Number of protein chains: 2
Amino acid sequence: MTPEPYYQDEAVTIYLGDSMSILPTLSNIDGIVTDPPYSSGGAMRSDRTTATITKYVQTGTQRESHDFHGDNRDQRSFLVWCTMWLAACYNVSNPNAVLASFIDWRQLPTLSDAIQAGGWVWRGIAVWDKGFGRPMPGRFSGSSEYLLSGSKGAMTQTDEYPPGIFHSPTPKDRQHITQKPEAVMQWAMRIVKPGGMVLDPFMGSGTTVKMAKETGRRAIGIELDERFAEIAANRCAETFYIPPSETPEVEDQPSLFGLG
Amino acid sequence: MTPEPYYQDEAVTIYLGDSMSILPTLSNIDGIVTDPPYSSGGAMRSDRTTATITKYVQTGTQRESHDFHGDNRDQRSFLVWCTMWLAACYNVSNPNAVLASFIDWRQLPTLSDAIQAGGWVWRGIAVWDKGFGRPMPGRFSGSSEYLLSGSKGAMTQTDEYPPGIFHSPTPKDRQHITQKPEAVMQWAMRIVKPGGMVLDPFMGSGTTVKMAKETGRRAIGIELDERFAEIAANRCAETFYIPPSETPEVEDQPSLFGLG
DNA sequence: GCCGAGAATGAATCCATCC
DNA sequence: AGGATGGATTCATTCTCGG
């Protein structure tokens, strides 16, 4: 019993609902590219139990009231919860499928455990350099987020050589408080074979599915909150689908070393 | 019963021997800055258990670089071993001491567990960007190593704001196959308060202790292999000690974003 | 001294073979 | 079966050397 799509076009299908309910109805996925709730926000447990909106709005540029679900779990339940959705994704993926999930420094080790507990082969860490972090005296500035990768058995061989570090500031106009820049998602997407089927079980405002469509891939997005599903559907509707054979080459960023 | 130093000057003391034997005789440490054996080098157990020189330097004329030991533990014993030396370091450190340890992507989660199991507060991930790594088709290039940090309780407040990402190619002339560039060690060193006592339980060719001396800090280094201890002693002897009050300011690298 | 061509290098990974 | 060995592979950057 396949659920009814909230939106559908020639490349993108969006489902409104809970990932754990909808995931088992899917199949034939070539890659997971996603940005789950990090459930971080403080070293102390008391920090983590405050509402998500309070934590993020303090540091964000967007002061409007945006809330999203599932971001106040403690470390242990975060591990269990991640293992569940990662295993569910594993079950609907083709052999040699790939996985790429964003995470912050605090939950990186836990997510890497969950990746392996969910059946995936642990493949590595890529770095999104945001350029600016909140400076704290005496410690390294936290100016990065991380993209953890995995695979279902051996990796699909492609001709892509994406860089291990990607430099991009956070976007100025965001419709979701953790929204990733389109260039960053396009970079993450390069791990999925051209023309493949991408799945984002925590779609948010739909940057993943939009960039999948724009780079000649197909995508399925799942989102619990109808406000974000609507935003994502609108973004996809405005995006042209470029079939794989016509997809332009992605240019790499210049190396920092080439400049000095 | 304090062991006999192998080398000593106004800023640096070097002990020849096993860290786990020598550590308990020390005290009054303000910061640990080190680069332990990663026990990495491949997904296959057979890859990990081959000689260090073979797994890391397979194609090259660098074979004249010295091999080193203790780099073939499996995941479980790597965790136990790291927890042991991290706890031993914790015990000889002053309150509010800091910890900075290099690691690669594969062992990062395990080392972060060991840091916490050893008593330290988990403080974050900084990135050493080497610029390029061996490419593998279809995956993100592994062009980084990581610097994990921790503290004994609250962190010492200093006026330093070291960047979270540091760009530097691997050094040209190495006397140890995993030798870090001096600029990278100087960056890592910024987490220790000026004038403080730095400890490196896996000294190798002595870049840590040399840069501690050069930046107005004092240091203790421990090394198992006399060939490396000798190299380190020679490097320290050639280095001028600049007392803390005369230490020049370290300039930050320009941001990549300022260039584009 | 400058420039270009060609060679060398990298805390790598995978797999076929051999014991 | 399982561990050890060796070869093939990938490319951005640096190094070497000749013109």
Side-chain angles (χ1 to χ4, degrees), chain A residues 96 98 121-126 149-166 190-191 249-260, chain B residues 34-75 78 82 101-108 110-111 127-148 167-181 184-185 188 202 204-205 207-208 228:
Chain A
N96 315 118
V98 292
V121 178
W122 166 232
R123 289 291 179 184
I125 303 172
S149 60
S151 65
K152 184 166 180 170
M155 288 193 75
T156 306
Q157 289 271 341
T158 75
D159 292 333
E160 291 281 325
Y161 292 87
I165 297 192
F166 192 82
R190 291 176 66 182
I191 203 173
E249 298 277 327
V250 175
E251 280 185 37
D252 282 342
Q253 293 186 320
S255 160
L256 184 57
F257 298 99
L259 301 167
Chain B
T34 193
D35 187 24
Y38 295 173
S39 287
S40 197
M44 306 297 157
R45 188 164 171 218
S46 61
D47 281 333
R48 257 181 283 118
T49 52
T50 52
T52 314
I53 197 80
T54 310
K55 64 182 178 178
Y56 297 142
V57 198
Q58 200 167 52
T59 63
T61 57
Q62 284 279 348
R63 284 183 174 276
E64 54 207 54
S65 302
H66 296 309
D67 202 351
F68 67 98
H69 303 285
D71 194 58
N72 48 16
R73 296 177 175 84
D74 67 21
Q75 195 90 1
F78 182 74
C82 285
S101 176
F102 286 93
I103 198 66
D104 70 352
W105 68 269
R106 188 181 298 282
Q107 299 286 34
L108 191 159
T110 302
L111 184 63
V127 179
W128 169 32
D129 172 22
K130 294 188 277 192
F132 63 95
R134 256 194 199 132
M136 295 289 289
R139 49 184 95 176
F140 298 101
S141 96
S143 56
S144 304
E145 289 183 36
Y146 302 89
L147 183 64
L148 304 197
H167 307 272
S168 173
T170 49
K172 282 169 291 191
D173 301 314
R174 294 180 300 172
Q175 290 162 301
H176 188 289
I177 59 173
T178 71
Q179 189 169 336
K180 297 284 174 287
V184 169
M185 272 300 174
F202 309 102
S205 54
T207 309
T208 305
F228 294 131

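Here the structure is a predicted model, which means the values were calculated and not measured.
In this structure, I177(B) places its CD1 atom 9 Å from P of dG10(C), rounding to the nearest Å. Per the geometry, OH belonging to Y161(A) stands 13 Å off C1' belonging to dA12(C), to the nearest Å. Whole-Å rounding puts the R123(A) CZ to dC14(C) P distance at 5 Å. Residue M136(B) contributes atom CE, which lies 11 Å from atom P of dA12(C) at whole-angstrom precision. Between the CG atom of N72(B) and the C1' atom of dA4(D) there is a distance of 13 Å, rounded to whole Å. Atoms NE2 (H176(B)) and P (dG10(C)) sit 14 Å apart, rounded to a whole Å. E160(A) has its CD atom 12 Å from the P atom of dA12(D), to the nearest Å. At whole-Å resolution of the value, CZ in F132(B) and P in dA11(C) are 8 Å apart.
Contacts of F78(B) classified as ring-ring contact (aromatic ring centres under 6.0 Å, His included), with partners at least two apart in sequence or in another chain: none.
When every heavy atom of W128(B) is checked against every heavy atom of V184(B), the shortest pair comes out as NE1-CG2, 3.4 Å. Across all their heavy atoms, S39(B) and Q107(B) have their closest contact at O-NE2, 3.0 Å. T178(B) and F68(B) get closest at one heavy-atom pair: CG2-CE2, 3.6 Å.
Residue Y38(B) places none of its side-chain N or O atoms closer than 4.0 Å to OP1 or OP2 of dA11(C). Put simply, R139(B) has no side-chain N or O that comes within less than 4.0 Å of OP1 or OP2 on dT10(D). Phosphate contact (OP1/OP2 of dT13(D), side-chain N/O of R134(B), threshold under 4.0 Å): absent. Remark: K130(B) is in phosphate contact with dA11(C), judged by side-chain N or O atoms under 4.0 Å from OP1 or OP2.
Of the candidates dT10(D), dA11(C), dT13(C), dT10(D) carries the atom nearest the P137(B) side chain, counting heavy atoms from C-beta on.
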Taking only distance into account, with no hydrogens and no angle test, what donor-acceptor pairs under 3.5 Å do side-chain atoms of residues 137-145 of chain B form with protein atoms, sequence neighbours excluded?
from    : atom 1 : to      : atom 2 : distance (Å)
E145(B) : OE1    : Y38(B)  : OH     : 2.6
E145(B) : OE1    : K180(B) : NZ     : 3.4
E145(B) : OE2    : K130(B) : NZ     : 2.9

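W105(B) comes within 4.0 angstrom of the backbone, heavy atoms only, and of no base. Among the atoms of the strands shown, base atoms are found under 4.0 Å from some heavy atom of P36(B).
Ring-plane geometry between H176(B) and F228(B) is classed as tilted, the angle between the planes lying from 30 to 60 degrees on a 0 to 90 degree scale.
In this structure, OG in S151(A) is found 12.0 Å from CH2 in W122(A), a value given to the nearest 0.5 Å.
Position along DNA chain C of the nearest nucleotide to M155(A) versus T170(B) favours T170(B) as the more 5'-ward residue. Toward the 5' end of DNA chain C, the nearer of the two residues E145(B) and A154(A), judged by each one's closest nucleotide, is E145(B).
Looking only at atom types and distance, the side chain of T110(B) has a donor-acceptor partner in the side chain of Q75(B) under 3.5 Å away.
For a distance-only test at 3.5 Å, the side chain of D35(B) qualifies as a donor-acceptor partner of the base of dA11(C).
Nucleotides dT9(D) and dG10(C) place their C1' atoms 13 Å apart, quoted to the nearest Å.
In DNA chain C, consecutive stretches of 3 or more Watson-Crick or G-U wobble pairs with both distances under 3.5 Å are given as paired ranges: C:2-10 with D:11-19, C:12-19 with D:2-9.
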